[in-house]
Structures are given as structure tokens and as C-alpha cells.
Amino acid sequence: MLRDPQSARVEMVRRSLARLGVGGTPPALAAEIAHRYCELRDGRMALVDGAVALLERLRAAGASLALVTNGGARSQRPKIDRFDLARHFDHIQIEGEFGAGKPDASVYDAALGALGVKAADATFIGDDLECDVRGPLRAGMQAVWIDITSDGLPTGHAARPRRIIRSVADLHDEL
């Protein structure tokens, strides 16, 4: 099992090219393709429309805020810095630094503890049904699901968020 994301990407490129009949791809070429993919992906990355305005409104209303994200610090910290997100949060918790990721119960417990907030008084907002809805619900929190594709809950999905929204702008009316 590959644990380093860049090594995993290089291996995926190598395997994909082999499936396309381009076997024997030099490792340096596979690495360059994987690296270029990351550059292009990261260059297109942007904050969700209305996210900063929502954070500012929540802050002004006195809410305690945590940013809880999966992934490694080497990939997540640059994004947090690039978009100047740290100033909006009382607590930032990254899987690679914390040692566990969503939906592990310890993740939510640690974030709640860092904020000094009871689970019943907390709302988790995110776009992943398992990590941002089901995990927080199991931890006793409320959950708001951002249905970015507007497809609605999958048939038979056990997680029932308190609210389903299409964008963070939908939350502005509640403040």
C-alpha cells in the first residue's frame, strides 16, 4: 500500500498508461505527468462562493469555528495559507497532524474539546455524506450537508442531515 500521495499518483499514472497500451513508461515521465496534474489541479482550486462571507458572519455572531480536514499537512497547510483561512478559525485540525481522519469519532471529539463546545450545541457543515454528516451525527452533533451536485440524498442513505443546502450562500439567511 502506498501512503505517500505523490507516489500513489505516479503509480496510478503508470498503471493507467499501461492499460492504454503504453507499457514501459519511464518512471521520470510518470512522475512528471503526476506532478503536472497536481499543478493544474491546484491552480484551478478556489474557495466555494460565499464561504469567506459566511465565516465572517459566523465570527461576528460569536460562533466558535473549527476547520477539520482529512489529508496530509503537506497538501492541506498550503491551501489554508493560500486562501488565508487560519484567521477565521479558533481551531484547525488536519488528519496528517492529528493522526486520524473523518469519520473517526476521535476527530469530532478533539475538535469539540478544542472549542470547548458540547456536541449537542455544534453543527458540522460539509459536502461529504460519510465524513461531514454521518460521522458528526454519530458524535451527537447536528449536520448540514452541502449537496453540490443537487442530486439529493442517495436512496436508502442512513444519514439524515438537519438541513440540505446547495451552497454556503443558503446559510446566510439563517444568521
What donor-acceptor contacts under 3.5 angstrom involve side-chain atoms of residues 37-54, with partners at least two apart or in another chain?
residue, atom, partner, partner atom, Å
E39, OE1, R36, NH1, 3.2
E39, OE2, H35, NE2, 3.0

Neighbour count >12 (heavy atoms, 6.0 Å) for atom [atom1], [X]:
X: R166; atom1: CZ; answer: no
X: R74; atom1: CZ; answer: no
X: R15; atom1: CZ; answer: no

Side chain to side chain contact (heavy atoms under 4.5 Å, CB included) partners of A34, counting only residues at least two apart | Q6, R9, V10, V13

Set of residues satisfying side chain to side chain contact (heavy atoms under 4.5 Å, CB included) with respect to P26, sequence neighbours excluded | L29

Straight-line distance of [X] [atom1] to [Y] [atom2], nearest 0.5 Å:
X: I146; Y: D128; atom1: CD1; atom2: CG; value: 11.0 Å
X: F89; Y: L65; atom1: CZ; atom2: CG; value: 6.0 Å
X: I125; Y: Q142; atom1: CD1; atom2: CD; value: 11.5 Å

Note: T25 and A30 closest approach over all heavy atoms is CG2-N, 4.1 Å

S106 versus A100, closest heavy-atom pair with distance = OG-CB, 3.9 Å

Sequence neighbours excluded, every pair satisfying salt bridge (Lys or Arg N to Asp or Glu O under 4.0 Å) that has a member inside residues 139-157 = none

When Ile, Leu, Val, Met, Phe, Trp and Tyr are grouped by side-chain heavy atoms lying under 4.5 Å apart, directly or through other members, which residues fall in the same group as L112?
-> V68, F98, V107, Y108, L115, V117, F124, M141

Applying salt bridge (Lys or Arg N to Asp or Glu O under 4.0 Å), name anything that partners D90, two or more places apart in sequence or on another chain.
-> R59

Look at the side chain of W145 and the backbone N and O of P161, then say whether any donor-acceptor pair between them is shorter than 3.5 Å.
-> no

